[in-house]
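Inspection log for the structure reproduced underneath, given as structure tokens.
Just so it is clear: chains get the letters A, B, ... in the order the sequence lines come, proteins before strands, and each one is counted from 1.
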Protein chains: 2
Amino acid sequence: MSTMHEHAEEKDLPFDVFARACPSRVTLEHVTGRWGALTLGALHEGSLRFNELRRRVDGVSEKMLSQTLQALERDGLVHREAQPTNPPRVDYELTPIGREVATRLISLIQFVEGRMGDVLAARERYDTTRGAR
Amino acid sequence: MSTMHEHAEEKDLPFDVFARACPSRVTLEHVTGRWGALTLGALHEGSLRFNELRRRVDGVSEKMLSQTLQALERDGLVHREAQPTNPPRVDYELTPIGREVATRLISLIQFVEGRMGDVLAARERYDTTRGAR
DNA sequence: CTGTATCCACTACGATACTG
DNA sequence: CAGTATCGTAGTGGATACAG
């Protein structure tokens with residue numbers, strides 16, 4: 001192994017999210033961010049228009065959805081298809097890379113959803129045993 | 001299929017992150033949050049002490065690491081083992097559920113790291129074609 | 001319909017100092 | 001070492017109005 005760090009099975013990739021200045025950390029934040037994760041998750045089911053997304057991602061504001069989509073498009077994870085019609089129609093869909101990211105995200109999301117019973121139980125235990133804190 | 005929504009392969013789970021008020025969304029945010037994801041990722045390599053984590057998760061402040069760990073412990077994803085010695089020694093490690101979450105997170109992180117070349121290229125293209133914007 | 005622009009509240013976060 | 005407490009700031013994010 002030609003690596004100089006002490007962490008076990010680590011590839012010698014040029015990008016490391018654990019490093020403060022690594023650009024991959026920024027992209028990871030776009031992907032896992034509050035609205036990024038839900039947006040990618042929604043688009044995993046298929047192409048959607050702006051307001052369809054807005055309804056699907058319950059609670060997102062126009063501004064944040066717009067910002068989120070721009071960041072994801074810039075990172076090459078989402079493709080924006082604008083039709084020059086009137087009224088305008090814009091469809092968003094995942095790129096091939098975006099689809100792979102979304103697949104992994106969905107796996108995480110569904111696992112968390114499936115274990116919420118345990119999580120809620122753990123919280124009760126925590127709050128009870130530690131009382132007021 | 002006994003489902004009444006229009007989304008394809010969806011299980012009839014009681015929890016749905018896409019719903020604004022669902023507690024699973026809060027947990028997902030703990031997990032995918034800026035420091036939550038990196039903390040779980042670091043712990044996936046093995047048990048770590050507070051300051052070891054602090055060094056591994058480059059850039060995290062004491063305060064944020066402390067908050068992050070408390071949230072993850074409360075959700076039952078991280079176990080905190082405090083030794084009543086002097087000086088104190090506290091080890092953090094993943095719970096079984098935490099380990100499964102971290103595995104999925106790692107898969108996402110490594111994929112993103114591996115595709116940063118494409119991401120960076122996509123950004124260049126975006127910034128060039130849209131010029132100043 | 002698909003956004004952008006503006007304003008404002010809140011809170012997440014970092015720096016620092018301090019405690020057990 | 002392992003945190004907690006306090007404070008100040010910068011940015012997140014919502015509401016609203018408006019533009020193409």
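- Considering only the side chain of A:Lys63, C:dC7 comes nearest among D:dG3, C:dC7, D:dC1.
- Here A:Ser66 reaches the OP1 or OP2 of C:dT4: one of its side-chain N or O atoms lies under 4.0 Å away.
- The backbone N or O of A:Arg34 sits nowhere less than 3.5 Å from a side-chain atom of B:Glu29 that would complete a donor-acceptor pair.
- Using a 4.0 Å heavy-atom cutoff across all strands shown, A:Gly33 reaches no nucleic acid atom at all.
- In terms of position on DNA chain C, the residue among A:Asp91 and B:Arg34 whose nearest nucleotide sits closer to the 5' end is A:Asp91.
- Of the listed nucleotides (C:dT4, C:dG14, D:dT4), D:dT4 has the atom at the smallest distance from the side chain of B:Glu62.
- Atom CZ in B:Arg54 sits about 10 Å away from atom C1' in C:dG14, given to the nearest Å.
- At whole-Å resolution of the value, CZ in A:Arg55 and P in C:dG3 are 14 Å apart.
- D:dA2 atom P lies 18 Å from atom CD of B:Gln67, rounded to whole Å.
- Atom P of nucleotide D:dG13 and atom CH2 of A:Trp35 are separated by 8 Å, given to the nearest angstrom.
- In this model, the phosphate group of D:dG3 is approached by a side-chain N or O of B:Tyr92 to a distance below 4.0 Å at OP1 or OP2.
- Atom CD in A:Glu52 sits roughly 11 Å away from atom C1' in C:dC1 (whole-Å rounding).
- Annotation for A:Leu120 and B:Pro23: closest pair CD1-CB, 4.4 Å, computed over non-hydrogen atoms.
- Atom CG of A:Asn86 and atom C1' of C:dC1 are 9 Å apart (whole Å).
- Residue B:Met64 contributes atom CE, which lies 15 Å from atom P of D:dG3 at whole-angstrom precision.
- Residue A:Gln83 contributes atom CD, which lies 13 Å from atom C1' of C:dT2 at whole-angstrom precision.
- Closest approach of B:Phe18 and B:Arg25 over heavy atoms only: O-NH2, 3.0 Å.
- Of the possible polar contacts, none joining the B:Asp58 side chain to the A:Ala19 backbone as a donor-acceptor pair under 3.5 Å is found.
- Between B:Gln70 and the phosphate of D:dT4, there is a side-chain N or O to OP1/OP2 separation shorter than 4.0 Å.
- Judged by closest nucleotide on DNA chain D, A:Ser61 is the one of A:Pro88 and A:Ser61 placed further toward the 5' end.
- Within 4.0 Å of A:Arg80, counting heavy atoms only, lie sugar-phosphate atoms of the nucleic acid but no base atom.
- The side chain to side chain donor-acceptor pair (under 3.5 Å) test with B:Thr27 is passed by exactly one of A:Arg123, A:Arg115, A:Glu113: A:Arg123.
- Of the candidates D:dG14, C:dC1, C:dC13, the closest approach to any side-chain atom of A:Arg49 belongs to C:dC1.
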